[in-house]
Amino acid sequence: MTTPALTVHGLNKSFGSLVVANDIELALPQGERHALIGPNGAGKTTLINLMTGMLTPDGGQILLGDADISRLPPDLRVKRGLVRTFQINSLFPHLSALEAVTLAIGERRGIAPTWWRALPVYRDAIEEAYAILVSLRLGHVCTRPTRELAYGQQRLLEIALALATRPHVLLLDEPAAGVPRDESAELFSAIAGLSKDISILFIEHDMNVVFRFASRIIVMVGGRILVEGTPAEIAADRQVREVYLGKRHHV
Amino acid sequence: MTPASPAFAPQAYLQAQTRWHAIELVFWLSCLLPFVLFPNYLVLASQIAITALFALSLDLILGYAGIVSLGHAAFFGLGAYSAGLLAKHGWGEPLSGLVLGALVAAFVGYVSSFVIARFRHLTLIMITLGFGLLLHELANKAHWLTGGADGLQGVRMWPLLGTFTFDLWGYTAYAYSLLVLFAVFLVTRRLINSPFGLSLRGIRENPVRMPAIGAPSAAHIRKIYTLSAAIAGIAGALLAQTTETVSLETLSFQRSADVLVILVLGGAGRLYGGFVGAIIFMVARDRFSGVTPQYWYFGIGVLLIAVVMFLPNGILGGLARLAASWRSKAT
């Protein structure tokens, strides 16, 4: 058995008496697509914040491949290949899409500290940025400032920025949040089409999407992992139906 | 060539954005006009050039990296006193004085940048303000070194490059200040259009996202803050050398506030914003203070309010918007 792409051991975090992460155990095998589901306030985004280093855990371990990254600052975790997107667009409003993606590529390639050479010298980096944008069908709007892009295009740019860092593990926090249903299917097929070298953990509320794209599903409730299993197992789980799916969902 | 066309070349597109505009050449050529048109105002012109250089240094951190400072005069004053003291104590060669001013300011800038890189917004304003006031008070108390409130007297400059003496009318002073401004501007322009410049704009646009794309924001901030301090130091050194004196005012809160006003007037983050602001501010000060020496700032205040209300991106920002709307009408 090969080492999982991402492993979390005994991760804990509380704010005062509120436990937001309670002894989290998690393993994401290479090339898999797992979904993280759970009601609002279950601690899904918090878990991403903990894994990416935006929050400091009270205890526990985060391994990327074999390497313990628990103590690395967020930017170095990204450099190692653990990358996230944001549920609420976190973009660069006045940069064009092309500039924003080039920026991320510049940081990855280590050319960002260079101040004595003009950016257009780095043709490769710019061409790579453009190729990423074209692959996500943003090529035709790449010179527009980010704030002028349609909301759905901004969601795609979120993913483009993450891809520009060449992730090994991608944590997608509700990539289709706020996107109409038909567009959301399109967005997820773009995600499904990503290279199998990238292991993906995504948070999503739309059960149709989850059951279609995830090979395994992790259910979180109240800062704990309630149950983990294949879509069929989760659909059949009585506990899950009670606390999360409720009676409205017929899956 | 639009992005929709299959022949769209992203690299050529970005290159075109960094090209020199004709209006830039016009601007720099018109900087030579005072030599012919206003030979009686060369001293003022030289002070405008120095102020513009100081504003450019603030623009690097405020306009490009989004780091607010209300104490930038600290570096201006450090540069001024370093160059002034060097000349006073027997070494009046101007260019080495500039280098010393830049180095001293850069050193203090580098040390303080470790604190600066950790904070933002109001906290940053308070820290820079406090730091500026502290340095001002230190210079005031160190009478033996700085001359305190009397200012540093006895600064004697040698001729520039061993040839050009600093004359009473300001010919050498203006030529010198303008050349230094232009040289620093060229470096700054390159920096803004570099990968580093893009990363700075990233920090300004979204400091939270930067670490999530693998960017070491704090390291970037330390670097630009040090560089900005060095340029402010050069500006201060220029003032000390061209006026052959250093007053306590070079370190004052007023100077920090003025340069902020200048940048907001002209337009922050626009490379030429500080220049436009400096010209308006300094000429207004020269004109108004002749009429009402006590209340000349009143006019600046009215102008500032008008600009902030109607042109939130400064005068240059307003002009750019105007030009863009003309262009879209033309097509």
Side-chain angles (χ1 to χ4, degrees), chain A residues 52-54 73-80 83-86 90-109 111-127 129-131 133-134 138-144 146 158 161-162 164-165, chain B residues 1-20 60 63-66 186-224 226-227 269 313 317 324:
Chain A
T52 51
M54 298 195 153
D75 56 307
L76 292 184
R77 295 185 198 201
V78 172
K79 288 248 158 75
R80 296 278 190 99
V83 184
R84 69 172 296 179
T85 64
F86 292 80
S90 182
L91 301 167
F92 304 100
H94 290 87
L95 298 190
S96 67
L98 181 62
E99 284 174 322
V101 178
T102 306
L103 162 62
I105 289 172
E107 293 288 354
R108 187 194 83 223
R109 293 191 175 196
I111 58 176
T114 308
W115 60 267
W116 56 91
R117 298 183 76 184
L119 180 67
V121 170
Y122 299 94
R123 177 190 274 266
D124 296 359
I126 298 166
E127 296 286 350
Y130 184 57
L133 289 164
V134 168
L138 290 171
H140 62 294
V141 290
C142 75
T143 58
R144 298 252 296 272
T146 300
E158 269 284 334
L161 283 178
T165 64
Chain B
M1 192 163 47
T2 66
S5 75
F8 176 68
Q11 188 244 7
Y13 167 77
L14 287 180
Q15 191 142 44
Q17 292 202 312
T18 64
R19 219 159 270 153
W20 283 82
L60 275 180
Y64 286 95
L186 287 181
V187 174
T188 307
R189 195 179 189 284
R190 170 49 66 86
L191 183 147
I192 290 313
N193 292 323
S194 71
F196 182 60
L198 182 57
S199 288
L200 291 182
R201 286 161 65 207
I203 293 172
R204 178 192 68 196
E205 291 291 310
N206 191 343
V208 178
R209 184 65 195 241
M210 286 300 273
I213 58 168
S217 294
H220 290 332
I221 290 174
R222 287 200 296 272
K223 191 156 143 185
I224 195 60
T226 306
L227 211 70
N313 295 316

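Residue numbering restarts at 1 for every chain, and letters A, B, ... go by the order of the sequence lines. These figures come from a predicted structure and were not determined experimentally.
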Undergrad: Is chain B contacted by the side chain of A/Thr52, its backbone, both, or neither, given a heavy-atom distance below 4.5 Å?
TA: neither
Undergrad: Counting a contact as any heavy-atom pair under 4.5 Å apart, which residues of residues 217-224 of chain B contact chain A?
TA: B/His220, B/Lys223
Undergrad: Name the option with the most non-hydrogen atom pairs under 4.5 Å to chain B; the candidates are A/Ala118, A/Gly53, A/Pro74, A/Pro73.
TA: A/Ala118
Undergrad: Return the minimal non-hydrogen interatomic distance between A/Leu98 and B/Leu14, and the atom names on each side.
TA: CD2-CG, 4.0 Å
Undergrad: Below 4.5 Å, heavy atoms only, C-beta onward: do B/Asn206 and A/Leu95 meet side chain to side chain?
TA: no
Undergrad: Looking at B/Arg204, B/Gln15, B/Met210, B/Glu205, which one has more heavy-atom pairs under 4.5 Å with chain A than the rest?
TA: B/Glu205
Undergrad: Tell me, for A/Arg123 versus chain B, whether the close heavy atoms (under 4.5 Å) come from the side chain, the backbone, both or neither.
TA: both
Undergrad: Could you check which of B/Gly197, B/Ala215, B/Gly202 has the highest count of heavy-atom pairs closer than 4.5 Å to chain A?
TA: B/Ala215
Undergrad: Give the member of A/Glu99, A/Met54, A/Arg77, A/Arg80 that has the highest number of heavy-atom pairs under 4.5 Å with chain B.
TA: A/Glu99
Undergrad: Measure the OG1-CG distance between A/Thr114 and B/Leu198 for me, rounded to the nearest 0.5 Å.
TA: 12.0 Å
Undergrad: Is there a side-chain contact between B/Pro195 and A/Glu107 in this structure, where contact means two heavy atoms from C-beta onward sitting under 4.5 Å apart?
TA: no
Undergrad: Below 4.5 Å, heavy atoms only, C-beta onward: do B/Phe8 and A/Val134 meet side chain to side chain?
TA: no
Undergrad: Does some side-chain heavy atom of A/Phe92 sit less than 4.5 Å from a side-chain heavy atom of B/Arg201?
TA: no
Undergrad: Report the option among A/Pro113, A/Ser96, A/Pro120, A/Pro93 that has the most heavy-atom pairs separated by less than 4.5 Å from atoms of chain B.
TA: A/Pro120
Undergrad: Pair A/Leu103, B/Ile213 - check side chain to side chain contact (heavy atoms under 4.5 Å, CB included), show working.
TA: CA-CA 9 Å; A/Leu103 162 62; B/Ile213 58 168; 3.9 Å; yes
Undergrad: How long is the gap from CZ on A/Arg117 to CG on B/Asn193, to the nearest 0.5 Å?
TA: 14.5 Å
Undergrad: Using 0.5 Å steps for rounding, measure from the CH2 atom of A/Trp115 to the OG atom of B/Ser199.
TA: 15.0 Å
Undergrad: Quick check against the 3.5 Å criterion: does B/Arg190 have a side-chain atom that pairs as donor or acceptor with the backbone of A/Trp116?
TA: yes
Undergrad: When heavy-atom pairs shorter than 4.5 Å are enumerated against chain B, which of A/Leu91, A/Val83, A/Thr165, A/Ile105 gives the highest number?
TA: A/Leu91
